[in-house]
Amino acid sequence: MSSSNQQQFRYTQTPSKVLHFRNLPWECTDDELIDICSPFGKVVNTKCNVGANRNQAFVEFADLNQAISMVSYYASSSEPAQVRGKTVYIQYSNRHEIVNNKGPGDIPGNVLLVTIEGVEAGDVSIDVIHLVFSAFGFVHKIATFEKTAGFQALIQFTDAETASSARNALDGRSIPRYLLPEHVGSCNLRISYSAHRDLNIKFQSNRSRDYTNPMLPVNQTAIDGALQPVIGPDGKKKEPESNVLLATIENMQYAVTVDVLHTVFSAFGTVQKIAIFEKNGQTQALVQYPDVTTGAAAREALEGHCIYDGGYCKLHLTYSRHTDLNVKGQMPSWDPNQQEFTQSCLSAPGTLPPGQAVPPFPGYLPPATGSPLTQSNHIDHNASSMGITQPGVPGALPHAHMPPGIQPYYG
DNA sequence: AGCACA
């Protein structure tokens with residue numbers, strides 16, 4: 001009589017309004033669970049990313065009969081339950097309710113505490129963090145540090161709503177691989193709310209940034225990757241596209257270094273290689289992305305824009321016929337296999353004109369006047385409201401889109 | 001592909 005528990009891997013478990021899902025795709029979302037469950041009844045609670053592989057989940061229906069209908073439907077269906085095309089297995093849970101343990105980190109606030117698992121501090125630059133989180137709104141400040149939990153970042157948004165949209169979208173996800181050094185394995189983001197309201201950033205550095213205060217003393221000459229990327233209208237194919245862009249740079253008031261270009265162009269995807277050269281007395285650069293889509297997105301968003309405010313360093317972009325640059329041994333060129341991103345980013349800008357103030361951070365990209373290719377309606381043509389370099393004017397893109405090329409990795 | 005506390 002005591003052997004009935006041996007039957008647990010059968011369909012003979014006692015029904016529960018809580019269902020147990022297994023073999024889910026990696027980091028399945030609540031929404032995906034609700035999508036397949038809601039036809040059978042009202043979902044009142046979910047808990048996903050459960051188990052060592054984070055591929056299990058629980059769904060609690062409002063009513064037991066709803067759970068029964070779902071289990072019995074798939075028990076007799078010729079088509080198994082699927083999420084993202086993957087067959088998932090559904091059983092009654094051996095519990096009768098989902099318990100949600102709300103900790104302090106679940107109390108919403110405008111500052112997120114992000115733990116980046118599986119990486120060292122040097123693996124994920126602050127620019128990458130900023131890029132990823134800027135997709136959800138204006139990032140005011142970032143502070144990174146290492147604790148026993150690992151590499152962590154505090155990320156300050158304007159309000160709790162923005163912070164929560166970022167948390168909902170990114171918690172449990174990974175930073176896209178192409179934004180990370182090759183040696184990094186997985187790097188899951190674990191996101192909770194911080195009790196902080198306003199971070200106290202003392203320096204712009206490789207560890208902390210205040211994007212609302214560009215006058216803050218700069219430590220280690222951190223270059224900001226604070227480009228708000230803009231998604232141009234898709235479906236326009238006028239010229240042969242390429243993964244390599246040819247940039248001509250007009251009105252070079254400031255030196256345009258490999259690092260500056262890397263910062264600007266990295267907002268759209270991995271910049272694999274950069275080569276700068278002179279042609280006909282004009283500075284040109286070739287910028288290589290891994291794929292045509294990224295190249296096209298970068299061209300669409302950057303064409304005709306200036307790297308610095310005041311019409312300086314205006315970019316004109318065309319598609320190169322190159323597909324793979326050979327930059328080995330050529331300086332000033334850049335290849336991530338030869339030069340670490342962080343080293344590259346933190347190198348001192350010794351090339352500024354004498355007596356010149358440090359230029360505004362790259363990323364301040366007011367639209368060029370009359371550029372026929374500047375067609376994003378997301379750009380505010382009042383340049384004073386564009387940039388992160390403007391204190392107190394956050395959110396040129398208040399509902400900024402996911403940077404091109406990143407979105408699929410979260411989907 | 002087999003039951004959570006984060």
Side-chain angles (χ1 to χ4, degrees), chain A residues 3-34 36-37 43-61 64 66-68 70-109 111-119 145-155 163-164 166-175 186-196:
Chain A
S3 64
S4 62
N5 283 344
Q6 303 292 331
Q7 305 286 323
Q8 60 173 328
F9 291 165
R10 310 264 297 262
Y11 292 105
T12 53
Q13 292 161 283
T14 62
S16 163
K17 61 182 160 57
V18 179
L19 298 182
H20 174 239
F21 291 68
R22 56 195 158 85
N23 199 38
L24 287 162
W26 173 249
E27 301 291 6
C28 174
T29 65
D30 292 293
D31 286 339
E32 287 174 308
L33 287 174
I34 292 170
I36 64 166
C37 294
V43 175
V44 296
N45 208 348
T46 60
K47 181 183 279 288
C48 59
N49 309 143
V50 164
N53 296 327
R54 303 197 172 281
N55 59 359
Q56 300 176 44
F58 298 92
V59 169
E60 181 177 337
F61 281 99
L64 176 63
Q66 297 168 350
I68 292 174
M70 184 166 190
V71 168
S72 44
Y73 173 84
Y74 284 113
S76 60
S77 168
S78 57
E79 288 292 316
Q82 289 188 327
V83 173
R84 289 183 225 169
K86 203 174 173 216
T87 296
V88 302
Y89 301 88
I90 307 173
Q91 292 173 288
Y92 299 114
S93 172
N94 53 26
R95 302 197 197 179
H96 287 84
E97 64 178 358
I98 292 177
V99 292
N100 275 353
N101 308 296
K102 289 249 194 230
D106 295 314
I107 301 165
V111 178
L112 296 178
L113 173 61
V114 179
T115 303
I116 307 173
E117 298 174 341
V119 302
F145 47 92
E146 280 189 287
K147 281 272 183 73
T148 50
F151 183 44
Q152 294 189 306
L154 289 163
I155 300 174
S164 114
R167 187 183 109 113
N168 291 338
L170 295 178
D171 189 23
R173 308 304 180 87
S174 299
I175 293 175
S186 63
C187 84
N188 289 326
L189 301 173
R190 299 260 74 104
I191 305 178
S192 60
Y193 295 104
S194 164
H196 287 93

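Treat the numbers as computed from the prediction; the structure is a model and nothing was measured. Any value given below was found using the heavy atoms of this structure, including those in side chains, with hydrogens, waters and symmetry copies removed. Proteins get letters first, then strands, A, B, ... in listed order; numbering begins at 1 in each.
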Holding to ring-ring contact (aromatic ring centres under 6.0 Å, His included), I want the full list of residues that pass it with A/Phe145, two or more places apart in sequence or in another chain.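 Per chain and number, A/Phe145 pairs via ring-ring contact (aromatic ring centres under 6.0 Å, His included) with no residue.
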Does A/Tyr193 have any ring-ring contact (aromatic ring centres under 6.0 Å, His included) partners at least two apart in sequence or in another chain, and if so, which?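 Applying ring-ring contact (aromatic ring centres under 6.0 Å, His included) to A/Tyr193 gives none.
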Between [options], which nucleotide gets closest to the side-chain atoms of [X]?
X: A/Lys47; options: B/dA1, B/dC3, B/dA4; result: B/dA4
X: A/Gln56; options: B/dA1, B/dC3, B/dA4; result: B/dC3
X: A/Val99; options: B/dA1, B/dC3, B/dA4; result: B/dA4

Round to the nearest Å and state the distance from [X] atom [atom1] to [N] atom [atom2].
X: A/His20; N: B/dC3; atom1: NE2; atom2: C1'; value: 4 Å
X: A/Asn94; N: B/dA4; atom1: CG; atom2: C1'; value: 10 Å
X: A/Arg190; N: B/dC5; atom1: CZ; atom2: P; value: 11 Å
X: A/His96; N: B/dC3; atom1: NE2; atom2: C1'; value: 13 Å
X: A/Asn45; N: B/dC3; atom1: CG; atom2: C1'; value: 15 Å
X: A/Ile98; N: B/dA6; atom1: CD1; atom2: P; value: 15 Å
X: A/Tyr89; N: B/dC3; atom1: OH; atom2: C1'; value: 17 Å
X: A/Ile90; N: B/dA1; atom1: CD1; atom2: P; value: 15 Å

Distance-only, no hydrogens or angles: does the A/Ser194 side chain make a donor-acceptor pair with backbone N or O of A/Leu113 under 3.5 Å?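 No, because the side chain of A/Ser194 does not come within donor-acceptor range (under 3.5 Å) of the backbone of A/Leu113.
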Just to be sure I understand the rule, does A/Glu60 reach a base, reach only the sugar-phosphate, or reach nothing, if contact means heavy atoms closer than 4.0 Å?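 Contact class for A/Glu60: none.
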If the cut-off is 4.0 Å, is A/Arg95 near the phosphate of B/dA4, judged by side-chain N/O to OP1 or OP2?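 Yes, A/Arg95 has a side-chain N/O under 4.0 Å of OP1/OP2 on B/dA4.
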Using the side chain to side chain contact (heavy atoms under 4.5 Å, CB included) rule, pick out the option among A/Leu112, A/Ile191, A/Ile175 that qualifies with A/Leu170.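 Among A/Leu112, A/Ile191, A/Ile175, the one meeting side chain to side chain contact (heavy atoms under 4.5 Å, CB included) with A/Leu170 is A/Ile191.
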Applying the side chain to side chain contact (heavy atoms under 4.5 Å, CB included) test to A/Phe61, which of A/Val43, A/Val44, A/Asn45, A/Ile68 qualifies?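 Testing A/Phe61 for a side chain to side chain contact (heavy atoms under 4.5 Å, CB included) against A/Val43, A/Val44, A/Asn45, A/Ile68 leaves exactly one candidate, A/Val43.
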Map A/Asn23 and A/Asp106 onto DNA chain B by nearest heavy atom, then report which one ends up closer to the 5' terminus.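 Per heavy-atom nearest nucleotide, the more 5' residue is A/Asn23.
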Residue whose closest nucleotide on DNA chain B lies nearer the 5' end, A/Lys86 versus A/Val50: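 Going by which nucleotide is closer to the 5' end, it is A/Lys86.
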